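What you see is a predicted model; the values in this text were computed from it and never measured. Residue numbers start from 1 in every chain, and the chains themselves are labelled A, B, ... in the order their sequence lines are given, proteins ahead of strands. Side chains included, hydrogens not; waters and symmetry mates left out as well; all remaining heavy atoms used.
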Number of protein chains: 2
Amino acid sequence: MMTDAVDRILAQWEKARPDLDCRPMGIFGRISRASRVFGSRMEQVFEKEGLSTVEFDILATLRRSQAPLTPTQLYQTLMLSSGAMSTRIDQLVKRGLLQRQASDEDRRSNRVALTEAGRHLIDSTLEAHVENQHRMASALDSDEQHQLACLLRKLMTDEQR
Amino acid sequence: MMTDAVDRILAQWEKARPDLDCRPMGIFGRISRASRVFGSRMEQVFEKEGLSTVEFDILATLRRSQAPLTPTQLYQTLMLSSGAMSTRIDQLVKRGLLQRQASDEDRRSNRVALTEAGRHLIDSTLEAHVENQHRMASALDSDEQHQLACLLRKLMTDEQR
DNA sequence: TATTGTTATACTCTATAACTATA
DNA sequence: TATAGTTATAGAGTATAACAATA
């Protein structure tokens, strides 16, 4: 069996603190590393289109919703503060990728919508992104990919104590 | 079968872009979310001891090495810049958790070592951390935890194209 | 000349909170 | 009074590059 950096870390802990059962680090250490490594690879795809990861997420959220969303819906979905979201929307509006539409029902609010240019950009970036993800997952066969997704879903269920 | 936020996102994509096979998002979307959610839970444990995640990582790296390390070894292991590492070491030295030892072989260099206080702090924090990780992994049984670790290792092998 | 480590600078990103307009 | 969204401020953290000392 192949060993990786996390296996070596676990072996070190076994020597330094043999009283501790550090096996869960085999999961969380790899999740953390995978998030950094794969996140940076995805970022490279977004950067080719001039987007940051957060900007991609905003455009993608609007694209898959197939409808304009309020800033509040967006920052709750993306786990950002309202202030951070306003700043992001501003910049994307300036670049002609988003537009704010006044709301009829509540005049405090507005709806953020993709422009024609924004829709074209997110559609083409998304295609490159999905292709990239298929490449990144290719070390696993189709069954293994399914198993991994199911185990991760189960790991995160119920927000256990 | 239980569904989660990522399943709902995948269902949206299926409607909005049925031409794309977005299944890998079931893996990478969950890795990214897991890293944020679990990372924040681990951070809470570190904060109780007055440590940030990076500070914990520095002390833990020295603890499991069971030997002083150079700043270069530390920033390479932790994927930080040399400048960022210097700043971090400074603060931990100020707090009496680390000390710099002049090197005999190379007078440009030095070795960073845990102080008595640093060693005590990392040992007790580590125990709380490992306990916390066991709790976080408890949604999976022992076999599933092993399977998940193996699949993550395989996913990251060979840095494929 | 190259390398180790530190320092100084600037930048990115964010949360917080004050603020406005409206409900 | 509470809520939606924007703006202004400040802070955390980092990378970069210039620098000093030594190899």
Side-chain angles (χ1 to χ4, degrees), chain A residues 32-33 35-37 39-40 42-44 46-47 50-59 61-62 65 67-95 98-113, chain B residues 32-33 35-37 39-40 42-44 46-47 49-59 61-62 67-95 98-113:
Chain A
S32 166
R33 281 162 181 257
S35 180
R36 284 185 73 166
V37 171
S40 136
M42 293 188 277
E43 200 171 27
Q44 288 169 25
F46 305 149
E47 270 173 6
L51 294 173
S52 69
T53 297
V54 175
E55 289 169 338
F56 171 84
D57 285 339
I58 294 170
L59 300 184
T61 300
L62 290 166
S65 299
L69 298 174
T70 64
T72 300
Q73 289 174 314
L74 282 171
Y75 76 68
Q76 287 175 348
T77 303
L78 299 177
M79 300 194 277
L80 278 182
S81 67
S82 59
M85 185 54 66
S86 278
T87 306
R88 290 287 152 198
I89 294 171
D90 278 352
Q91 291 182 349
L92 292 167
V93 167
K94 264 184 205 149
R95 289 168 56 188
L98 294 182
Q99 55 189 359
R100 289 185 169 98
Q101 301 171 339
S103 166
D104 296 333
E105 309 105 24
D106 184 341
R107 291 198 304 181
R108 292 171 305 183
S109 182
N110 65 72
R111 307 236 165 225
V112 178
Chain B
S32 166
R33 280 164 182 257
S35 180
R36 285 185 72 164
V37 170
S40 137
M42 294 188 276
E43 200 170 28
Q44 289 168 26
F46 305 148
E47 270 173 6
E49 311 289 347
L51 294 174
S52 69
T53 297
V54 173
E55 288 169 340
F56 171 85
D57 285 338
I58 293 170
L59 300 184
T61 300
L62 290 166
L69 298 175
T70 64
T72 300
Q73 289 174 315
L74 282 170
Y75 75 68
Q76 286 175 350
T77 303
L78 299 177
M79 299 194 278
L80 280 181
S81 67
S82 59
M85 184 54 67
S86 277
T87 306
R88 290 287 151 200
I89 294 171
D90 279 351
Q91 293 183 348
L92 293 167
V93 168
K94 266 183 203 146
R95 289 168 57 188
L98 293 183
Q99 55 189 358
R100 289 186 169 96
Q101 302 171 338
S103 167
D104 295 332
E105 309 106 23
D106 184 340
R107 293 199 303 182
R108 291 170 303 183
S109 183
N110 64 75
R111 310 236 164 224
V112 179

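- Within the 4.5 Å cutoff, the side chain of B:Leu62 has no heavy atoms near those of the B:Pro68 side chain.
- Each of A:Thr87 and B:Ile89 has a nearest nucleotide on DNA chain C; the 5'-most of these lies closest to B:Ile89.
- Distance from the side chain of B:Ser86 is smallest for C:dT7 among the nucleotides D:dT7, C:dT7, D:dT16.
- Within the 4.5 Å cutoff, side-chain heavy atoms of A:Arg111 are placed close to those of A:Gln73.
- Regarding B:Leu80, its CG atom lies at a distance of 12 Å from the P atom of D:dT16, rounded to whole Å.
- Here C:dA15 presents its P atom at 11 Å from CE of A:Met79, a figure rounded to the nearest Å.
- A heavy atom closer than 4.0 Å to some atom of DNA chain D occurs in A:Arg108, A:Ser109, A:Asn110, these being the qualifying members of residues 103-112 of chain A.
- At a threshold of 4.5 Å between non-hydrogen side-chain atoms, the residues A:Leu69 and A:Thr77 do not count as touching.
- In this structure, CG of A:Leu78 is placed 11 Å from P of C:dA15, rounded to the nearest angstrom.
- With rounding to whole Å, A:Glu47 atom CD is found 13 Å from C:dT12 atom C1'.
- Of all nucleotides listed (C:dC13, D:dT16, C:dT6), C:dC13 comes nearest to the side chain of A:Arg88.
- In terms of the ring-ring contact (aromatic ring centres under 6.0 Å, His included) criterion, A:Tyr75 has no residue partners (sequence neighbours excluded).
- Nearest-nucleotide positions on DNA chain D place A:Gly83 closer to the 5' end than the other of A:Gly83 and B:Gln91.
- Remark: B:Arg108 engages B:Asp106 in a salt bridge (charged side-chain N to carboxylate O under 4.0 Å, His left out) (not counting sequence neighbours).
- Rounding to the nearest 0.5 Å places CG of B:Asn110 at 6.0 Å from CZ of B:Arg100.
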Before you tell me yes or no, could you show the steps for A:Thr70 and A:Val112 under side-chain contact (heavy atoms from CB on, under 4.5 Å), namely the whole-Å CA-CA distance, both residues' side-chain angles and the distance that decides it to 0.1 Å? CA-CA 6 Å; A:Thr70 64; A:Val112 178; over 6 Å; no
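- With distances taken from any side-chain atom of A:Val54 to the nucleotides C:dT6, C:dT14, D:dT6, the minimum falls on C:dT14.
- Atom CD of A:Gln73 and atom P of D:dT3 are 17 Å apart (whole Å).
- The CZ-P distance, from A:Arg100 to C:dA21, rounds to 16 Å in whole Å.
- The distance from atom CE of B:Met85 to atom P of C:dT3 is 20 Å, rounded to the nearest whole Å.
- If you check every strand for non-hydrogen atoms under 4.0 Å, A:Ser52 touches nothing.
- Straight-line distance from the OH atom of B:Tyr75 to the P atom of D:dT14: 15 Å, rounded to whole Å.
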